[in-house]
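Notes to accompany the following structure.
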There are 2 protein chains.
Amino acid sequence: MAGDASLLRRVNTQVTLNALRREGVATLTRLGRITGLSRQTVETVLDELAERGWVREIPPDEGVMGRPARRFGFRADAGYVLGVDIGANKILAALADLNGEVVSWHRVPVSDGAPAPERLEAARQAALACVDVAGVARTRVWAVCAGTSGVVDRSGRVSLSTVLPGWTGVDLAGLAGGWFGCKGLAANDANLAALTEHWRGSAQHAADVVYVLVGHRVGAGMLIGGRLHGGRTGAAGEIGALRQVGWEDAAAELDTHGEAAAVFKAAGDGDPAAARAVERFAEKLAIGAAALVLAVDPDLLVVGGGYSRAGDVLLTPFRRHLTDLCLGVPEVVTSTFGDESVALGGVRLALDHVEREILGL
Amino acid sequence: MAGDASLLRRVNTQVTLNALRREGVATLTRLGRITGLSRQTVETVLDELAERGWVREIPPDEGVMGRPARRFGFRADAGYVLGVDIGANKILAALADLNGEVVSWHRVPVSDGAPAPERLEAARQAALACVDVAGVARTRVWAVCAGTSGVVDRSGRVSLSTVLPGWTGVDLAGLAGGWFGCKGLAANDANLAALTEHWRGSAQHAADVVYVLVGHRVGAGMLIGGRLHGGRTGAAGEIGALRQVGWEDAAAELDTHGEAAAVFKAAGDGDPAAARAVERFAEKLAIGAAALVLAVDPDLLVVGGGYSRAGDVLLTPFRRHLTDLCLGVPEVVTSTFGDESVALGGVRLALDHVEREILGL
DNA sequence: CCACTTATGTGACTCCGTTTCATAACTGTG
DNA sequence: CACAGTTATGAAACGGAGTCACATAAGTGG
């Protein structure tokens with residue numbers, strides 16, 4: 001609780017490292033100015049960090065006035081994190097360095113009805129391949145985070161899945177960690193997508209975000225205070241379970257009109273039957289979204305998932321119904337990421353873990 | 001961002017002060033053991049705090065072995081905070097010291113239909129009287145927090161009130177601060193009640209709490225991560241606004257059966273008509289509660305407000321319907337506080353402000 | 001009154017960070 | 001190519017904060 005002098009050093013190390021991560025490469029003097037520390041302090045801190053492998057000294061810049069300054073760079077390649085989206089039809093893995101820059105993608109198809117062991121094996125293969133083709137040693141993966149549809153509890157177990165066969169009860173976090181002998185995490189896909197939008201997408205400046213994942217299945221995730229909010233059992237956002245909301249059959253009903261993309265297209269082209277179907281879908285979507293909006297009153301509502309590509313054809317009626325149902329409607333935007341958002345969210349969550357647990361704080 | 005030696009002192013001062021607040025009165029040696037600091041450090045810190053008025057030296061304990069130890073006590077009476085519940089029929093003010101111990105209550109009735117200026121004047125009078133009868137100088141009130149029904153935005157303005165006449169648009173926080181020339185805060189009543197339950201009631205060990213305030217009017221508040229979550233506009237929890245939920249008319253419908261307390265009593269005594277009315281009320285309540293539970297998946301659901309005194313007569317059907325509607329139902333308990341919960345929540349919120357802004361951190 | 005117990009007081013010491021000033025290592029210009 | 005100008009490094013002195021060890025003070029209990 002209390003601190004002695006070493007606390008000061010820990011704090012300043014953290015501050016310096018963060019500054020360097022933002023800068024990429026920086027001289028001692030510059031880091032001193034940024035952090036408010038003296039050059040000497042920054043120097044000893046960086047020498048320590050270099051010894052521990054977090055930071056690397058880089059040859060001085062040439063052709064500038066004055067004595068060449070010692071330069072340091074954050075070793076983003078000291079470790080890696082992996083995000084894996086385990087979906088109904090595909091598995092997508094993303095390997096990123098400690099700056100969160102993705103260095104390798106790997107996608108494999110998987111069948112809708114694949115039993116859990118087959119899906120898990122495919123995920124494992126994809127994860128390993130993603131790392132191997134990047135030429136990264138498997139031991140340098142420090143954390144893995146899997147994302148999937150369904151309810152994922154705090155420990156990373158799938159406690160309920162209605163779409164993937166045999167998926168309920170799978171200990172995703174444990175298994176994913178086992179692939180690389182590192183920390184394993186798991187979370188709901190909509191939650192991870194929300195995290196991605198907050199990290200690099202359209203929700204960057206919002207603290208409280210509701211993300212509605214609209215596709216063949218409809219789900220929702222949320223961020224409260226900039227942090228993922230899963231709730232007691234990981235089921236936060238599962239408003240679709242409420243009969244009065246009817247998310248369960250909204251997509252199913254739309255499907256009766258044909259391929260979803262085609263229905264949206266037809267509606268956009270003025271086909272009245274398709275327009276009515278989209279209208280009904282938008283209304284059902286809006287009821288659930290309204291319940292979430294009224295419950296948490298977010299700064300922003302992000303609509304993502306495959307069907308969000310329909311754009312205004314879906315969004316316009318959706319906004320209209322939402323305005324009808326809510327007191328004050330937050331800004332509604334579409335996701336800026338496609339189907340990489342879940343894997344990227346996994347990268348972000350794994351990175352959060354690494355920053356907290358390994359970089360210390 | 002970065003810190004020099006004085007940061008260390010600030011941290012350790014904070015730690016020591018917190019320890020002393022928990023202990024009430026403690027010797028230097030004991031504080032040293034608790035905080036992990038050396039006796040010397042604790043001593044200089046406490047001498048500083050004594051000089052600044054936060055802490056007072058207390059005559060040594062007698063009749064114990066060894067050399068008498070210097071003892072210090074937190075000066076809980078250095079400042080005070082005030083919580084004011086501005087309700088439809090009453091105004092209740094609570095004055096508390098810096099330990100949160102209430103030293104004075106003051107209650108005044110107010111008419112249902114009183115216009116805003118009259119209600120505000122009554123609140124002001126109650127607040128001042130509450131302080132005056134306690135013999136506390138008005139200048140020693142460091143923060144005031146008002147609680148009221150309706151939507152209260154971040155700045156403490158009532159942005160929407162459907163029950164109190166002329167209430168929409170009132171700058172409660174500003175006015176309340178003006179009464180004592182100190183910081184003024186304002187929040188929704190259900191939110192404050194939730195805070196009280198988390199502070200001293202049945203929600204002490206829950207991080208995410210939904211509080212449903214059940215009375216003539218039904219409202220909800222919530223805590224996320226132990227902190228009040230108001231949302232963008234302060235409307236978080238206002239699920240009653242959704243037609244599909246029907247909280248608006250739930251209470252109104254119950255009222256057609258007579259005085260609510262009497263209806264609950266009759267239902268408990270086996271009157272079938274009353275039982276049906278309660279059943280319908282419980283169901284409507286449960287639909288909204290289920291929406292909140294599914295949205296945020298809290299650790300705990302607290303049922304409070306006047307009608308919660310009905311106990312199991314209401315709670316049993318409520319729980320049944322909730323179980324029907326939700327995936328996994330959280331623990332459901334009744335509030336441990338009566339109608340003081342809102343004023344107490346005001347005390348807590350004001351205290352939070354004082355701790356953050358004045359005690360520093 | 002003396003042994004025992006417990007807390008205080010003091011001085012030396014360590015860490016960490018800052019300031020200051022001299023010095024080093026470049027660029028570019030006459 | 002020497003020299004002014006610029007920018008960074010290196011070293012030493014210093015001060016704040018915390019710790020440790022040990023001597024000393026002020027009680028209690030027989």
Side-chain angles (χ1 to χ4, degrees), chain A residues 1-20 23 25-52 55-73 360-361, chain B residues 1-20 23 25-52 55-73 360-361:
Chain A
M1 202 169 178
D4 65 347
S6 75
L7 170 66
L8 217 46
R9 177 49 67 89
R10 281 203 307 280
V11 167
N12 288 337
T13 302
Q14 192 66 45
V15 167
T16 306
L17 193 57
N18 282 340
L20 186 56
E23 294 290 307
V25 170
T27 67
L28 294 178
T29 320
R30 170 143 183 76
L31 282 175
R33 262 204 307 279
I34 294 173
T35 59
L37 292 165
S38 71
R39 183 179 43 79
Q40 273 78 348
T41 303
V42 172
E43 185 167 15
T44 53
V45 162
L46 280 178
D47 284 340
E48 268 179 35
L49 284 171
E51 206 159 312
R52 284 197 263 156
V55 139
R56 160 179 27 229
E57 187 159 1
I58 286 174
D61 210 2
E62 284 176 18
V64 293
M65 278 287 222
R67 175 172 177 168
R70 291 180 72 185
R71 293 195 307 164
F72 288 85
L361 174 60
Chain B
M1 202 167 178
D4 65 347
S6 75
L7 170 66
L8 213 48
R9 176 51 67 88
R10 282 204 305 281
V11 168
N12 287 336
T13 301
Q14 192 65 44
V15 167
T16 306
L17 193 57
N18 282 341
L20 186 56
E23 294 290 306
V25 170
T27 68
L28 294 178
T29 321
R30 171 145 180 73
L31 282 174
R33 263 205 306 278
I34 294 173
T35 58
L37 293 164
S38 72
R39 182 177 44 78
Q40 278 83 339
T41 302
V42 171
E43 185 167 14
T44 53
V45 163
L46 280 178
D47 284 341
E48 269 179 34
L49 284 171
E51 207 161 310
R52 282 197 265 158
V55 137
R56 162 180 24 231
E57 186 158 3
I58 287 173
D61 211 3
E62 284 176 19
V64 292
M65 278 286 223
R67 174 172 177 170
R70 291 179 73 186
R71 292 195 307 165
F72 287 85
L361 173 61

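Order of the sequence lines sets the chain letters (A, B, ...), proteins ahead of strands, with each chain counted from 1. The figures that follow rest on heavy atoms only: side chains count, while hydrogens, waters and symmetry mates do not.
Residues B:Arg9 and B:Thr44 are in side-chain contact: their nearest non-hydrogen atoms beyond the backbone lie under 4.5 Å apart. The shortest side-chain heavy-atom distance between A:Leu46 and A:Leu20 falls under the 4.5 Å cut-off. Inter-residue side-chain proximity for B:Thr35 and B:Thr41 is flagged as unmet; no heavy-atom pair is nearer than 4.5 Å. Inter-residue side-chain proximity for B:Glu48 and B:Thr16 is flagged as unmet; no heavy-atom pair is nearer than 4.5 Å. For the pair A:Glu51/A:Asp47, no side-chain contact is recorded, criterion being any heavy-atom separation below 4.5 Å from C-beta on.
The CZ atom of B:Arg70 lies 10.5 Å from the CZ atom of B:Arg39; values are rounded to the nearest 0.5 Å. The distance from atom CG of A:Leu28 to atom CD of A:Glu57, rounded to the nearest 0.5 Å, is 7.5 Å. Note that CG of A:Leu17 and CZ of A:Arg52 are 9.0 Å apart. Values are rounded to the nearest 0.5 Å.
Atoms CZ (A:Arg10) and C1' (C:dC15) sit 13 Å apart, rounded to a whole Å. Across the protein-nucleic acid pair, A:Arg33 atom CZ and C:dT18 atom C1' stand 17 Å apart, rounded to whole Å. A:Glu43 places its CD atom 13 Å from the P atom of C:dG17, with the value rounded to the nearest Å. Counting to the nearest Å, the C1' atom of C:dT8 and the CG atom of B:Leu46 are 14 Å from each other. As rounded to whole Å, 18 Å separates atom P of C:dT6 from atom CD of B:Glu62. Across the protein-nucleic acid pair, A:Arg67 atom CZ and C:dC26 atom P stand 8 Å apart, rounded to whole Å.
For C:dT8, the OP1/OP2 oxygens have a side-chain nitrogen or oxygen of B:Thr29 closer than 4.0 Å.
Along DNA chain D, the nucleotide nearest A:Arg71 and the nucleotide nearest A:Asp4 are compared for position; the residue whose nucleotide lies closer to the 5' end is A:Arg71. Mapping A:Thr13 and A:Gly66 onto DNA chain C by nearest heavy atom places A:Thr13 at the nucleotide closer to the 5' end. Along DNA chain C, the nucleotide nearest to B:Pro68 and the one nearest to A:Leu8 differ in position, and the one closer to the 5' end is contacted by B:Pro68.
Within 4.0 Å (heavy atoms only), A:Gly32 reaches no atom of the nucleic acid at all. Within 4.0 Å of A:Arg70, counting heavy atoms only, lie sugar-phosphate atoms of the nucleic acid but no base atom.
Looking at the side chain of B:Arg39, the nearest of the listed nucleotides C:dG17, C:dT8, C:dA24 is C:dT8.
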**Q.** Base-pair map of DNA chain D as dot-bracket, where | denotes pairing with a different strand and pairs are Watson-Crick or G-U under 3.5 Å
**A.** ||||||||||||||||||||||||||||||
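Here chain B contacts DNA chain D (any atom closer than 4.0 Å to a heavy atom, that is under 4.0 Å), and the contacts span D:dA17 to D:dT28 from 5' to 3'.
Checked by atom type and distance alone, the side chain of B:Asn12 pairs as donor or acceptor with a backbone atom of A:Gly3 at under 3.5 Å.
On a pure distance criterion of 3.5 Å, no polar donor-acceptor pair joins the side chain of B:Gln40 and the base of C:dT8.
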